[in-house]
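This one's a predicted model, so the numbers in the text were calculated from it and none came from an experiment. Quick note: numbers below take in every heavy atom, side chains included, and nothing from hydrogens, waters or symmetry partners.
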Amino acid sequence: MAKILVVEDTHSLRKDILEMLHFEGFDVLGAEDGLGGAQAAYNFSPDLIICDILMPGLDGYGVLTELKKDATMSTIPFIFLTDKADKSDMRKGMEMGAYDYLTKPFGAAELIAAVHAQLKKSAALKKMSDKRLDELRENIILALPHEIRTPLTSILSFSDILITDG
């Protein structure tokens with residue numbers, strides 16, 4: 001069950017999104033502002049974050065910037081959900097590292113599709129990363145015996161010379 005954090009300052013909308021995602025089978029947590037959202041991300045370790053941009057205090061851009069500073073948080077798919085519909089706002093969000101950008105009002109099907117798409121992409125990236133890590137491990141295992149044998153061969157050869165000459 002994927003864990004999703006929803007950072008939205010409008011209580012009724014946050015509640016609706018949480019219920020919708022819970023109904024879809026996700027483990028969900030809500031935060032009412034940016035500071036609470038950033039802290040919740042560190043504590044909850046979500047698989048995906050949905051975040052409003054326009055919030056008092058730390059806005060959505062600030063939340064994304066804060067989370068990008070941490071290596072483990074920086075790879076979590078991040079979806080902006082906002083009233084800001086200008087292309088320049090959308091471009092800013094995407095350039096900052098958001099995976100998707102949905103504008104209000106939005107439909108339930110649109111939000112669920114975006115969530116599934118981003119989780120699917122994230123799983124594919126993790127699978128590819130795990131495959132590369134396994135390949136690296138195999139290469140190290142294959143190369144390591146040779147690296148250990150090379151110095152030992154020299155030591156044994158010099159030992160034979162010392163024993164023979166001694």
Legend entry - Heavy-atom closest pair, residues Cys51 and Gly60: SG-CA, 3.8 Å
Inset, instruction - Return each pair, listed once, that meets salt bridge (charged side-chain N to carboxylate O under 4.0 Å, His left out) where at least one residue sits in residues 91-104; pairs must be two or more places apart or across chains. - result: Glu8-Lys104, Asp52-Lys104
Inset, instruction - Only counting residues at least two apart or in another chain, list the ones meeting side chain to side chain contact (heavy atoms under 4.5 Å, CB included) with Ser129. - result: none
Legend entry - Residue from Val7, Ile53, Ile50, Val6 passing side chain to side chain contact (heavy atoms under 4.5 Å, CB included) with Leu81: Ile50
Can I get a per-line list of side-chain donor-acceptor pairs under 3.5 Å for residues 115-123, giving both atom names and the distance, sequence neighbours left out?
none

Legend entry - CE-OG1 distance between Met55 and Thr82, expressed to the nearest 0.5 angstrom: 9.0 Å
Legend entry - Verify same cluster id: Ile79, Met94 (apolar side-chain graph, 4.5 Å): no
Solution key, residues 15-28 side-chain donor-acceptor pairs under 3.5 Å, sequence neighbours excluded:
none

Inset, instruction - Look only at the side chain of Asp59 and the backbone of Leu54, and say whether a donor-acceptor pair between them is shorter than 3.5 Å. - result: no
Inset, instruction - Drop me the distance from Leu29's CG to Ile49's CD1, to the nearest 0.5 angstrom. - result: 10.5 Å
Exercise answer: donor-acceptor pairs, residues 63-71 side-chain atoms, under 3.5 Å, sequence neighbours excluded:
from: Thr65; atom 1: OG1; to: Tyr61; atom 2: O; distance (Å): 2.9
from: Lys68; atom 1: NZ; to: Ser74; atom 2: O; distance (Å): 2.9
from: Asp70; atom 1: OD1; to: Thr72; atom 2: N; distance (Å): 2.9
from: Asp70; atom 1: OD1; to: Thr72; atom 2: OG1; distance (Å): 2.5
from: Asp70; atom 1: OD1; to: Met73; atom 2: N; distance (Å): 3.1

Inset, instruction - Locate the shortest heavy-atom distance separating Leu5 from Ala40; write the atom from each residue and the value. - result: CD1-CB, 3.9 Å
Legend entry - Within one Ile-Leu-Val-Met-Phe-Trp-Tyr cluster: Tyr99 and Ile4, side-chain cutoff 4.5 Å: no
Legend entry - Flag side-chain contact, heavy atom, 4.5 Å: Leu13 against Phe106: yes
Inset, instruction - Work out which heavy atom in Ala98 is nearest to a heavy atom in Phe80; give both atom names and the distance. - result: CB-CD1, 3.6 Å
Inset, instruction - Taking salt bridge (Lys or Arg N to Asp or Glu O under 4.0 Å) as the test, write out the residues that go with Lys126, two or more places apart. - result: Asp130
